[in-house]
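Chain naming here is simple, since letters A, B, ... match the order of the sequence lines and numbering starts at 1 in each. Since we're looking at a predicted model, the values are computed, not measured.
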Amino acid sequence: MDFIGKTSDGGSASRAGNDLERELLRRISSGDRDAFRDLYLRYHRRLARFLTRLTHRYEDAEEVINDTLWIVWQRAGEFRDASRVSTWIMGIAYRRALKLIRRAQTHARAMSLEVLDAEPVARDAIEATLEREVLERHLARLPLEQRLVLEFTYYLDHSCEEVAEIMECPVNTVKTRMFHARRKLRILLSEDPAAGRSP
Amino acid sequence: MSEDLDVGACDSEAARLLPWYATGRLGAAESERVGRHLEHCGICRADLAHEQAVRSALRADGTIEYAPQAGLAKTLARINELGREPDAAAGAPPAAAARRAGTTRWLAAAVVVQAVGLGLLGSALYARHSPPAGEYETLSAPAGAAAGPRVRTVFDPSMPLGELRGLLATHSLVIVDGPSDAGALTLAATRPTDPGALLAGLRADRRVLFAEPTGRDPGGAR
Ligand SMILES: [Zn+2]
């Protein structure tokens with residue numbers, strides 16, 4: 001019995017996307033800038049919002065995107081078909097983002113901690129429906145690794161195994177992080193009057 | 001807090017797979033297993049509905065549109081300056097033009113980090129070989145001081161200097177030039193080495209963002 005209906009689309013659409021991206025990588029590895037432009041735009045769209053959510057600053061998100069795609073340009077020839085292209089690229093983006101976030105945290109600690117609580121709340125005031133705004137505020141309070149598992153799964157549609165590959169950890173760790181992320185998020189939402197009733 | 005808030009009230013393995021069931025990213029066998037579990041587990045049905053709500057909220061389109069063109073232009077400028085050029089003979093890469101246009105601001109932070117770092121170490125990292133106490137070559141080390149191949153590199157800006165030094169020592173490399181506008185350092189091997197093996201070794205290191213042979217003499221008109 002299928003409880004999902006039409007929201008699930010993991011299969012053929014993503015396979016076609018992967019074939020297209022593999023072809024783009026092949027062209028990039030021979031120096032094709034048009035192919036690079038296509039891939040850049042695809043991944044900018046995919047990464048910008050999620051990375052901005054993560055780093056709190058679009059400038060930082062863009063730095064991660066640019067570094068990531070530049071590394072992709074350098075290493076396109078090293079891509080192995082064992083992975084999906086998006087998993088490979090997301091792994092690069094993940095490591096770049098972690099570095100940037102750790103650098104920012106070190107910096108923030110050195111400068112005193114004022115940034116930590118103020119920013120996530122203020123940031124998206126114009127952007128969203130109430131629901132998403134509330135969700136994002138609480139997401140920001142999850143431990144980084146848990147939050148990333150949630151983003152990779154729900155926002156970027158990666159399978160559990162792909163998330164494990166991106167984050168270079170066992171599949172079971174992904175499941176456990178997701179479990180804790182869900183539980184913590186559930187508690188945060190239930191304590192927030194702005195979140196209304198849980199659906 | 002009502003009791004259905006307690007995620008994990010169901011300890012079936014299927015409960016841990018719900019998020020990927022919700023996204024349609026489970027394999028056929030697992031998907032079927034979760035589907036069967038849902039038929040008789042009310043807790044998981046409620047959890048699934050909640051997860052779907054979280055997912056749609058997360059994916060809801062905002063009103064902010066991100067403009068990728070500026071970032072794309074920066075990255076292409078970076079490629080023009082540093083990128084391997086498989087067909088370099090056909091049409092000279094407009095590196096100088098990119099520099100003039102100030103399009104390399106993207107690496108400002110990296111360059112500052114590297115410049116500060118290198119400054120702190122003074123000339124210690126520059127073209128030092130055979131550690132006889134305190135004897136340093138200058139930046140313009142005489143040709144022949146470094147007998148091996150030369151490479152242009154960009155390192156991860158967050159890489160601590162101690163690691164950079166270790167990496168240079170591992171590969172018997174010294175810095176002979178840089179950082180350039182784009183944060184590139186030109187390195188030379190202090191002994192004859194197979195350039196291919198050297199590049200492969202550098203590229204295998206995640207802290208190395210870029211490593212290419214120097215096409216021509218560094219500083220030469222390119
Ligand atoms: Zn259950």
Would you sort out whether B/R203 and A/Q74 count as a side-chain contact (heavy atoms from CB on, under 4.5 Å), showing the intermediate values?
CA-CA 10 Å; B/R203 286 172 185 161; A/Q74 299 301 320; over 6 Å; no
Give the C-alpha distance, both sets of side-chain angles, the deciding distance and a yes or no for side-chain contact (heavy atoms from CB on, under 4.5 Å) between B/L72 and A/R37.
CA-CA 7 Å; B/L72 175 60; A/R37 189 172 287 114; 3.4 Å; yes
Might you work through the side-chain contact (heavy atoms from CB on, under 4.5 Å) test for A/W73 and B/T75, ending with a clear yes or no?
CA-CA 10 Å; A/W73 166 265; B/T75 310; over 6 Å; no
Given the rule in the side-chain contact (heavy atoms from CB on, under 4.5 Å) test, do A/K175 and B/E13 qualify, once you have shown the distances and angles that lead to the verdict?
CA-CA 10 Å; A/K175 289 179 186 167; B/E13 169 69 10; 3.0 Å; yes
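Between B/R78 and A/D67 the shortest side-chain heavy-atom distance falls below 4.5 Å. Inter-residue side-chain proximity for A/H158 and B/T23 is flagged as unmet; no heavy-atom pair is nearer than 4.5 Å. Side chains of A/R96 and B/D156 form a contact here, defined as non-hydrogen atoms less than 4.5 Å apart. Counting only heavy atoms from C-beta outward, the side chains of A/E62 and B/Y66 never approach each other to under 4.5 Å. In this structure, B/W20 and A/V174 have side chains that are in contact, with non-hydrogen atoms separated by less than 4.5 Å. At least one side-chain heavy atom of B/D47 sits under 4.5 Å from a side-chain heavy atom of A/R186.
Proximity to chain A is absent for every atom of B/A28, based on heavy atoms less than 4.5 angstrom apart. Only the side chain of A/K99 has a heavy atom closer than 4.5 Å to any heavy atom of chain B. Contacts between A/Y40 and chain B at a heavy-atom distance below 4.5 Å involve the side chain alone, from C-beta outward. For B/L26, no part sits under 4.5 Å from any heavy atom of chain A, backbone or side chain. Residue contact with chain A, scored on non-hydrogen atoms closer than 4.5 Å, involves the side chain of B/Q69 exclusively. Neither the backbone nor the side chain of A/I65 has a heavy atom closer than 4.5 Å to any heavy atom of chain B. At a 4.5 Å heavy-atom cutoff, A/F50 makes no contact with chain B through either its backbone or its side chain.
Considering only heavy-atom pairs separated by less than 4.5 Å from chain A, the leading option among B/A67, B/A70, B/A211 is B/A67. Comparing A/T176, A/L139, A/I71, A/L185 by how many heavy-atom pairs each has under 4.5 Å with chain B, the most go to A/T176.
Between A/D157 and B/R59 there is a salt bridge, since a side-chain N of the basic residue sits under 4.0 Å from a carboxylate O of the acidic one. Salt bridge status for A/E162 with B/R25: present, with a side-chain N to carboxylate O gap under 4.0 Å.
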